[in-house]
Structures are given as structure tokens and as C-alpha cells.
Amino acid sequence: MEDNIQKIKNSIRDIIDFPKKGIVFKDITTAIKDKEIFKIITDELYEKFKNKKIDYVVGIESRGFIFGAPLAYKLNCGFVPVRKPNKLPAEVISQEYELEYGTDKIEIHKDALKKGDRVLITDDLLATGGTAQAAVQLVSKIAEVEAVAFIIELTDLKGREKLKGGFETISLVKY
Ligand code: AMP
């Protein structure tokens with residue numbers, strides 16, 4: 001609902017020059033501490049995916065966990081974390097990706113998903129798309145990506161263009 005989307009937008013706070021100069025950080029802590037907004041966000045995502053036969057929600061560390069876990073509960077499916085290196089205790093598979101300077105890596109438990117599992121990936125925000133693209137590549141090694149969902153999309157950064165394939169990309173709020 002349009003009204004709900006505006007409510008979400010109004011609840012997100014801009015922090016100028018965080019974590020470094022020139023970046024406008026979209027702070028979602030003000031959204032999730034509001035019980036009405038947190039519920040709206042979860043329900044809006046649920047409505048979009050309730051008929052997609054999702055088996056697992058895969059959340060990207062760390063803010064992807066916040067939205068992914070209640071969504072998995074509502075969708076009646078499991079939750080699987082994608083984490084930064086050396087955090088997961090069992091055997092992992094990894095995916096490297098490019099940052100502005102250098103590279104980074106994300107990991108998932110090797111036995112967390114299996115061929116044919118239908119996966120929804122969640123994160124709080126789509127910027128350049130590098131993180132989400134790496135998560136798609138990682139999950140695709142072992143299962144099927146059905147969709148990637150964000151609360152926020154920074155459209156100028158064209159991250160969506162990196163997320164092409166046989167899956168859907170959705171965001172609730174666009175700037
Ligand atoms: P990217 O890989 O460029 O799409 O960046 C996405 C990741 O970085 C997400 O996990 C976001 O949480 C974080 N991020 C990037 N830009 C911002 C921003 N302006 N405000 C808040 N988080 C951001």
C-alpha cells in the first residue's frame with residue numbers, strides 16, 4: 001500500500017557523512033524500533049512472497065538478518081545466514097566480491113541449502129549491488145535464487161543492473 005511505503009520512508013533517518021565523508025547513511029534503526037513500522041515492513045514483504053513457495057530466507061549479515069528472520073517466520077520457512085568471513089562454525093563455501101578498494105568475502109554453510117531449494121535473499125539496502133550479487137552467486141552454487149528483497153534501493157547507483165537472472169528483485173522504498 002502506498003501509504004505504508006510512505007510511512008516506512010518517513011521512519012528512515014539520514015546520517016550525513018557516515019561512515020565516511022560524502023556518504024548519506026540510511027539508518028533503519030529508527031524504523032525497526034517502531035513496532036508499527038517493523039510490522040508493516042514484514043507484512044509488505046510477506047504479501048510479495050507468500051505465493052512463491054519459498055523454502056528458505058537467506059539473510060545477509062547483519063541488517064539482512066533483522067528483516068529476514070521475521071519474514072521467514074511468516075512465510076513458514078527456514079532462515080539461513082550469509083556471514084562475513086570466519087564467523088560460521090561448520091564447513092563453508094565462499095564468494096569474493098569487489099569493493100571500491102580491494103575485495104571482500106561472504107560465506108554460507110555448505111550444508112545449509114541443497115539443489116532445488118527455492119531461496120529468497122534479504123538485505124536492508126541495495127546500493128551498488130556488489131554485496132547482493134555476491135550473495136546470489138553464492139546461493140546459486142547450491143540452490144535456486146527465486147528473489148532478492150531490500151527495504152531500501154538507492155536507484156542512482158544502478159545496483160539492480162547487477163542483479164539480472166531468473167529471479168525477481170524488489171525494494172520497498174526507493175531514493
Ligand atoms: P552495495 O554492495 O554497494 O549494494 O552495498 C550494500 C550494503 O552496504 C548493504 O548491506 C548496506 O547495508 C550497506 N550500505 C551501502 N550503502 C549504504 C547507505 N548509504 N546507507 C546504509 N547502508 C548502506
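Whatever order the structure lists ligands and atoms in, that order sets their numbers, starting from 1. All residue numbers refer to positions in the sequence shown, counting from 1. None of these values were measured; they are calculated from a predicted model.
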- Message: Within the structure, is a non-hydrogen atom of Leu154 found at a distance of less than 4.0 Å from ligand 1?
- Response: yes
Counting only non-hydrogen atoms of the protein, does one fall under 4.0 Å from atom 8 (O) of ligand 1?
-> no
In plain terms, say whether Lys53 and Glu146 are close enough for a salt bridge, that is, a side-chain N and a carboxylate O under 4.0 Å apart. no
Numbered in order shown, the ligand 1 atoms found under 4.0 Å of a heavy atom of Thr131 are 1 (P), 2 (O), 5 (O), 6 (C), 7 (C)
Is Glu107 salt-bridged to Arg83, cutoff N-O under 4.0 Å?
no
Do Lys174 and Ser171 pair up side chain to side chain, a donor and an acceptor below 3.5 Å, judged on atom types alone? yes
Which of Val173, Asp124, Ile15, Ile152 passes side chain to side chain contact (heavy atoms under 4.5 Å, CB included) with Lys26? It is Ile152
- Query: Would you call Lys50 and Glu47 a salt bridge, taking side-chain N to carboxylate O under 4.0 Å as the test?
  - Reply: yes
Counting heavy atoms under 4.0 Å, the part of Thr128 that contacts ligand 1 is both
For Asp123, the ligand 1 atoms with a heavy-atom partner under 4.0 Å come out as 9 (C), 10 (O)
| said: With nothing but distance in play, are any N or O atoms of Ala132 less than 3.5 Å from an N or O of ligand 1? | reply: no
Note: ligand 1 atoms sitting under 4.0 Å from heavy atoms of Asp124 are 9 (C), 10 (O), 11 (C), 12 (O)
Side chain to side chain contact (heavy atoms under 4.5 Å, CB included) assessment of Glu91 paired with Asp111
CA-CA 8 Å; Glu91 199 180 341; Asp111 62 0; over 6 Å; no
**OP:** Please step through side chain to side chain contact (heavy atoms under 4.5 Å, CB included) for the pair Thr122 and Phe150, ending with a clear verdict.
**Re:** CA-CA 6 Å; Thr122 58; Phe150 305 91; over 6 Å; no
Do the side chains of Ile28 and Arg13 get nearer than 4.5 Å, heavy atoms only?
no
Among Leu157, Ile28, Leu125, closest by heavy atom to atom 15 (C) of ligand 1 is Leu125
If we number the atoms of ligand 1 from 1 as shown, the ones under 4.0 Å from a heavy atom of Arg63 are 11 (C), 12 (O), 13 (C), 22 (N)
Looking at Phe25, Phe150, Tyr97, Phe18, the heavy atom closest to atom 21 (C) of ligand 1 belongs to Phe25
Close side-chain approach of Leu71 and Tyr46, heavy atoms under 4.5 Å: yes
Review point. Does ligand 1 have an atom under 4.0 Å from some heavy atom of Gly159?
Key: no
Residue, atom and distance of the protein heavy atom nearest atom 4 (O) of ligand 1 read Gly129 N, 2.7 Å
Salt bridge between Glu168 and Lys52, side-chain N to carboxylate O under 4.0 Å?
yes
Ligand 1 to Lys26, heavy atom cutoff 4.0 Å, flagged ligand atoms 18 (C), 20 (N), 21 (C)
Ranked by distance from atom 19 (N) of ligand 1, the top protein heavy atom is Val24 O, 2.9 Å
* **Leu126 N/O under 3.5 Å from ligand 1 N/O** => no
